[in-house]
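Take a look at the structure set out below.
Proteins get letters first, then strands, A, B, ... in listed order; numbering begins at 1 in each.
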There are 2 protein chains.
Amino acid sequence: MDISVDCVVFGFDDDELKVLLIEQKQPEGKSAIKPQKAVPGDLVRDDEGLDAAAERILNELTSLEGIYLKQFHAFGDPNRVTGLKDRDWLRSFRTHPERRVITVGYYSLVKMDDFNPQAASFAKKAQWIDVYKIPNLAFDHNEIVGEALKVLRHELMADHIGFELLPEKFTLSQLQKLYEIILDKKLDKRNFRKNILRTDTVTPLEEKQSGVLHKPAQLFSVKRPRKKD
Amino acid sequence: MDISVDCVVFGFDDDELKVLLIEQKQPEGKSAIKPQKAVPGDLVRDDEGLDAAAERILNELTSLEGIYLKQFHAFGDPNRVTGLKDRDWLRSFRTHPERRVITVGYYSLVKMDDFNPQAASFAKKAQWIDVYKIPNLAFDHNEIVGEALKVLRHELMADHIGFELLPEKFTLSQLQKLYEIILDKKLDKRNFRKNILRTDTVTPLEEKQSGVLHKPAQLFSVKRPRKKD
DNA sequence: AATAGTTAGTGTAGAATATACACTTAGTGT
DNA sequence: ACACTAAGTGTATATTCTACACTAACTATT
């Protein structure tokens with residue numbers, strides 16, 4: 001058997017929660033077939049830990065580093081891979097295409113800002129897709145994304161990890177919107193603010209929004225552990 | 001690579017939280033070496049899902065069926081297995097002893113009543129060991145048990161799954177003791193009872209304790225989904 | 001028959017937390 | 001200056017959490 005790692009990378013963009021999907025390479029000589037989208041993932045190397053593999057693979061495919069990255073579930077159904085396209089693809093790209101693969105799911109949150117679409121090579125391969133509009137994916141990736149989303153919701157409430165999805169500087173309204181979209185429900189503005197400020201994970205900056213056609217909002221950033229001043 | 005499943009089976013006995021450990025069979029011709037204890041686990045078969053494997057292995061080693069059994073983490077450190085004894089053991093009992101093995105941890109809760117310890121396969125014997133007095137185990141099983149315990153604590157609070165560890169009929173005091181032991185802290189009696197009764201997962205029986213040298217306690221059982229009466 | 005010993009069983013007041021709700025403010029564009 | 005828009009702010013009420021102490025029911029002993 002082989003082990004792979006699949007990374008469900010969440011990002012947030014104005015008013016959509018997105019997942020990073022790659023477009024699979026076309027198998028040789030089958031160019032007529034529409035390529036499938038998939039979550040970035042690959043086989044774990046023989047001498048590599050799971051967490052390390054996840055980090056490596058995510059890095060290879062997105063050039064991101066040092067990201068909140070968490071194992072959430074192992075998917076081991078022996079019939080995980082049944083699709084014809086999936087089979088074709090494996091035959092073209094894997095040395096042992098018939099081997100059963102068990103995959104370990106990781107999820108991660110990134111600021112879309114940090115994400116570097118510079119590499120045209122990259123932009124060709126990877127794209128952000130609205131979580132609520134995900135097409136059919138390769139293998140069992142729809143299920144994997146679904147599970148990741150459940151975990152994300154849970155962790156969002158428990159650990160307030162949501163800032164990870166926002167740019168360096170953000171307003172509380174943006175943060176609230178993020179929560180509303182992930183949880184798929186409206187939140188009360190005043191209560192939300194109380195809650196967030198109480199957790200003390202966020203610091204107001206000197207700066208304010210500008211160029212908006214309404215009262216400019218206070219900008220915040222994530223509170224980092226104090227360096228000595 | 002190979003995949004294995006390890007099952008951390010919790011049971012409860014009066015005032016100790018226990019884990020089911022097996023004693024590994026001795027490798028041939030090394031009878032001087034003290035055998036190691038381990039959590040029941042084995043390789044996943046080639047055509048078998050992870051959950052199915054966990055159930056099968058638990059069943060093979062303990063003759064239990066239909067147990068609350070939940071995947072909690074995959075352990076994939078390439079240096080998971082370093083001990084000399086572990087190596088010896090693998091050489092004796094595995095067809096591919098040098099292969100790297102990634103293991104998926106499951107945990108499960110059983111009523112010790114229902115359990116009839118029957119060592120089989122490569123287990124010399126099976127025994128319940130106090131969670132807080134676990135010796136050095138084979139492989140990375142100490143870590144695995146530790147993680148399982150964390151998850152158990154978490155799920156205990158979230159989902160009130162504690163009854164699984166008690167006999168069919170139990171008193172609220174027994175249940176409270178169970179919580180106290182798992183969480184390793186004292187709880188307030190009245191508040192505890194309020195909480196449990198509020199969750200509505202438990203029904204009082206007609207029956208009371210008897211033969212105790214104090215006021216006999218009401219017996220309860222887990223509330224099962226109503227069958228049609 | 002009375003007594004001592006033991007755990008079962010119960011309520012409430014105060015603190016903390018969660019919820020619901022509406023108006024004023026500071027900008028931009030016309 | 002006026003209209004438009006989202007930012008920002010406080011309070012009263014309901015709910016949940018916490019701390020806390022006495023009486024009840026049974027057994028064993030004398």
His154(B) atom NE2, neighbour heavy-atom count above 12 within 6.0 Å: no
Residue pairs fulfilling salt bridge (charged side-chain N to carboxylate O under 4.0 Å, His left out) with at least one residue in residues 199-220 of chain B, sequence neighbours excluded: Lys169(B)-Glu207(B), Asp200(B)-Lys223(B)
Range on DNA chain C touched by chain A, heavy atoms, distance below 4.0 Å: dA18(C) to dT28(C)
Residue list, salt bridge (Lys or Arg N to Asp or Glu O under 4.0 Å) with Lys70(A), at least two apart or on another chain: Glu155(A)
Contacts of Lys194(A) that satisfy salt bridge (Lys or Arg N to Asp or Glu O under 4.0 Å) - sequence neighbours left out: none
Salt bridge (Lys or Arg N to Asp or Glu O under 4.0 Å) partners of Lys186(B), counting only residues at least two apart: Glu180(B)
Test item: Gln209(A) side-chain N/O and Ala217(A) main-chain N/O as donor-acceptor pair under 3.5 Å: yes
Side chain Thr103(A), main chain Ser4(A), donor-acceptor under 3.5 Å: yes
Heavy-atom check, side chain of His160(B) versus side chain of Tyr179(B), under 4.5 Å: yes
Contact residues, residues 175-190 of chain B to DNA chain C [heavy atom, < 4.0 Å]: Lys189(B), Arg190(B)
Neighbours of DNA chain D within residues 194-222 of chain A, by heavy-atom distance under 4.0 Å: Lys194(A), Leu213(A), His214(A), Lys215(A), Pro216(A), Ala217(A), Gln218(A)
Test item: Gln71(B) side-chain N/O and Val104(B) main-chain N/O as donor-acceptor pair under 3.5 Å: no
Residues within residues 159-168 of chain A bordering DNA chain D, heavy-atom distance below 4.0 Å: none
Leu50(A), Ile67(A), Ile57(A), Val8(A) screened by side-chain contact (heavy atoms from CB on, under 4.5 Å) with Tyr106(A), the one that passes: Leu50(A)
Salt bridge (Lys or Arg N to Asp or Glu O under 4.0 Å) partners for Glu48(A), two or more places apart: Arg56(A)
Span of DNA chain D in contact with chain A (heavy atoms, under 4.0 Å): dT5(D) to dT11(D)
side-chain contact (heavy atoms from CB on, under 4.5 Å) partner of Phe10(A), the single match among Leu165(A), Ile182(A), Leu20(A): Leu165(A)
The helix from dA1(C)-dT30(D) to dT30(C)-dA1(D): angle between end helix axes, five pairs per end, rounded to 10 degrees: 0°
Under 3.5 Å donor-acceptor, Asp86(A) side chain and Thr82(A) backbone: no
Within residues 136-153 of chain A or reaching into it, pairs that qualify as salt bridge (charged side-chain N to carboxylate O under 4.0 Å, His left out) - sequence neighbours excluded: Arg80(A)-Asp140(A), Glu147(A)-Lys150(A)
Donor-acceptor contact present, side-chain Glu164(A) to main-chain Ile161(A), <3.5 Å: no
Exam field: side chain His141(B) to backbone Ala38(B), donor-acceptor pair closer than 3.5 Å: no
Any side-chain heavy-atom pair of Leu58(B) and Glu55(B) under 4.5 Å: no
